[in-house]
There are 2 protein chains.
Amino acid sequence: MPDRRPSLEDVARLAGVSITTASRVINGSAHPVSEQTRRRVLKAVATLDYHPDALARNLKRQLTQTIGAVVHDISDSYYSEVVRGAEDHARRHGYVLMVSNAYRIGERILSCLRTFREHRAAGVVLAGSDLTDRGHWHEMQRQVESMQRQGIVVVGLATQKVRMPCIRTDNVAIGRMMTEYLLGKGHRRIAFVSGPQAIFTSHERHQGYREALERAQVAYDPRLVVWDDFTKEGGFRAATRLIEAGPPFTAMFASNDEMAIGALLAFRTRGIRVPQDVSLVGSNDIPLARYSYPPLTTLRVPMYDMGVQAVELILQVAAGRDRAKAIRDLQDFQHFVPLQIVERDSVASMA
Amino acid sequence: MPDRRPSLEDVARLAGVSITTASRVINGSAHPVSEQTRRRVLKAVATLDYHPDALARNLKRQLTQTIGAVVHDISDSYYSEVVRGAEDHARRHGYVLMVSNAYRIGERILSCLRTFREHRAAGVVLAGSDLTDRGHWHEMQRQVESMQRQGIVVVGLATQKVRMPCIRTDNVAIGRMMTEYLLGKGHRRIAFVSGPQAIFTSHERHQGYREALERAQVAYDPRLVVWDDFTKEGGFRAATRLIEAGPPFTAMFASNDEMAIGALLAFRTRGIRVPQDVSLVGSNDIPLARYSYPPLTTLRVPMYDMGVQAVELILQVAAGRDRAKAIRDLQDFQHFVPLQIVERDSVASMA
DNA sequence: TTGAAAGCGCTAACAA
DNA sequence: TTGTTAGCGCTTTCAA
């Protein structure tokens, strides 16, 4: 066996047929091939341990079997669930998924996009890239538009300042739902632990929080709101600040579960009991949420499905004839995934 | 601007130069190009919004800029940390990472390997694929050997029955260390929650557990050992079974943190306090470990670094001249990463 | 300093 | 039923 990667030509030569015939057999083409020839080719493939070169094939076919995913940080449960769904679905359809962590760094998001397009991805799933930075939009706008124009679908998983199809959550609704839930339990002094200022998701959830308060005629108290990272550490810091410097509160809404887990530790550290002393809710329902202590009341976001659906959208377009047109038609497509509150044990009524 | 993806030829034509010259400018070749020409080309690139085609480039160059990663399940913290390290490092060197979840299904692992080689990955990181199934080894053996022969490095992150370079943990040592730690705290009845029978990692940790017991002259009691999935659910189930049907124990060693988290819930559900009633240790030190209640005493495994190192190995080989030879030389390379116990609050002394 | 041309491995239109 | 051939978009000798 050769050290070099065998090519179709090697197979054809060994089987004593033309390269075309070999190709036909290997691809299971509809074109008729005699049983005997077929066998000879297959034999040669086995002998040489031949594996087709996807690069050459895709180059020729002018299409590709890859999809890119830009995420904030793959080790954050939210993104890993999304990616898992995306990968499962991509693989199911013979596509491979390229993944990149962009850590919400504008330049890095753009660079991932560039890399994926160079690799001729059929589409890109953009998660955790809803930066509020205006300078960044501009460049994104350029990049995404030009990708779309060239037939590469870019699907967003959050509010985007750039026009593109989205599979998303209604973050304002999330903020409202959780706040209303707490209000419904009789809480009036509700602290809000927000995600980073740098992304829209945070602002939207915060807005939902305000809206719910307003509707319930509860005054909005800015001292009850703290912004930090969407991480356990961020939640810990935010809750700590609130406990130490903020006015008293009977409930807290952490804008994602990771932060809620961090807040839980902050409370524990100070001997504050959840939910006896303070109630707590998160959002997203990451797998961990039911294993925290106490199990976290939160809101289920179908992360896995979002990954699946984003990929499905890409697949749809890729399968069509005029991709650029299909993309234009989808420009304003927005699918809002269903949301559902999951009640566990971190909330007490103010009865 | 065209809907079609512009090619180098389009750029050349617009700039009024040859395709060769355009290529030289775009690749920053050492070959001299007049300043004026360079500018014209760059201008054309901008106008057309040209992005080189990585497929064509790699096809020609006979190399590739991609690395594959086969993991068990990307939403398991262990793998997502490894992948994060791998991706960061790959990207730093201009490579893109393709990721696949194989869920420890033999056929699926093989299919990922096939896909990656077809896509001409420079190498593949194999994590969570240390299946004990003999039928599977055989096929793996064939596949991996043929990949290595063709210059594709396959790096393992766990014991492999197939010869390949590995960046790994000494799982027997892990089993021993944690058990000895518990013994050192005066525990004698130590339950062991093992990972799935299907992979070597579980058996190795189990063996370490036995060895430590033996050295300490503590009888091994099979009723104190339960096997289940390496997940929170698995840990919950295993601990529940142990509590309900097993003989009494004062400490439990869960072979990974996820399972420990699950066990924690099982204890809590039954009003068993950790560490007052029973001590608990896990392994790996996933980010969550310090946020559990109580914070988990565990063993730090440098997951991120393992990903980095696995990719580094691939990069080294890819950069060399004779790849197949470099791979042969690395065949038995085994790097054992440093391990360190992290003491938190889930263990009490039997003083 | 520039360009012509060969060819990476493959598919598909066309011919036989 | 089989084969010839023209590229896909790019890099890279080699020649001018």
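The chains referred to below are lettered A, B, ... by the order of the sequence lines, with proteins before strands, and numbering in each begins at 1.
- Under the salt bridge (Lys or Arg N to Asp or Glu O under 4.0 Å) criterion, A:Arg114 pairs with A:Glu107, sequence neighbours left out.
- A 4.0 Å heavy-atom criterion places the boundary nucleotides of DNA chain D facing chain B at D:dG9 to D:dT12, written 5' to 3'.
- Ranked by how close their nearest DNA chain D nucleotide is to the 5' end, B:Leu59 and A:Gln36 are led by A:Gln36.
- Annotation: salt bridge (charged side-chain N to carboxylate O under 4.0 Å, His left out) contacts involving residues 12-25 of chain A, sequence neighbours excluded, comprise A:Glu9-A:Arg13, A:Asp10-A:Arg13.
- Residues of residues 16-25 of chain B that place a heavy atom closer than 4.0 Å to DNA chain C, in numerical order, are B:Val17, B:Ser18, B:Thr20, B:Thr21, B:Arg24.
- Counting heavy-atom neighbours within 6.0 Å of B:Glu35 CD, excluding the residue itself, gives a total above 12.
- When each of B:Ala56 and B:His31 is assigned the nucleotide of DNA chain C bearing its nearest heavy atom, the one mapping closer to the 5' terminus is B:His31.
- Among residues two or more places apart in sequence or in another chain, the salt bridge (Lys or Arg N to Asp or Glu O under 4.0 Å) test is passed with A:Asp329 by A:Lys325.
- Screening residues 115-130 of chain A for salt bridge (charged side-chain N to carboxylate O under 4.0 Å, His left out), with sequence neighbours left out, gives A:Arg117-B:Asp49, A:Arg120-B:Asp53.
- At the heavy-atom level, B:Thr37 lies under 4.0 Å from the strands shown only through sugar-phosphate atoms.
- Screening residues 61-74 of chain A for salt bridge (charged side-chain N to carboxylate O under 4.0 Å, His left out), with sequence neighbours left out, gives A:Asp73-B:Arg84.
- When the ring-ring contact (aromatic ring centres under 6.0 Å, His included) test is applied to B:His138, no partner is found at least two apart in sequence or on another chain.
- Within 4.0 Å (heavy atoms only), A:Arg120 reaches sugar-phosphate atoms of the nucleic acid but no base atom.
- Of all nucleotides in DNA chain C, those with any atom nearer than 4.0 Å to a heavy atom of chain A start and finish, going 5' to 3', at C:dG9 to C:dA13.
- Formation of a donor-acceptor pair under 3.5 Å by the A:Arg40 side chain with backbone atoms of A:Ala15 is found in this model.
- Backbone-only engagement by A:Asn27 is indicated by non-hydrogen atom pairs under 4.0 Å involving sugar-phosphate atoms exclusively.
- Between the side chain of A:Arg5 and the main chain of A:Pro52, a donor-acceptor pair closer than 3.5 Å is present.
- In this structure, A:Trp137 and A:Leu131 approach most closely via the heavy-atom pair NE1-O, 3.1 Å.
- At least one donor-acceptor pair under 3.5 Å links the side chain of B:Thr115 to the backbone N or O of B:Ser111.
- For A:Val154, the side-chain contact (heavy atoms from CB on, under 4.5 Å) partners are A:Leu126, A:Val144, A:Met147, A:Gln148, A:Met164, not counting sequence neighbours.
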Anything under 3.5 Å between a donor and an acceptor, one on a side chain of residues 95-102 of chain B, the other on a protein residue two or more places apart or in another chain? List them.
from: B:Ser100; atom 1: OG; to: A:Glu87; atom 2: OE2; distance (Å): 2.7
from: B:Ser100; atom 1: OG; to: A:Arg91; atom 2: NE; distance (Å): 3.1
from: B:Ser100; atom 1: OG; to: A:Arg91; atom 2: NH2; distance (Å): 3.4

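- Rotation axes derived from the C1' atoms of the five outermost pairs at either end of the helix from C:dT1-D:dA16 to C:dA16-D:dT1 lie 40° apart, to the nearest 10°.
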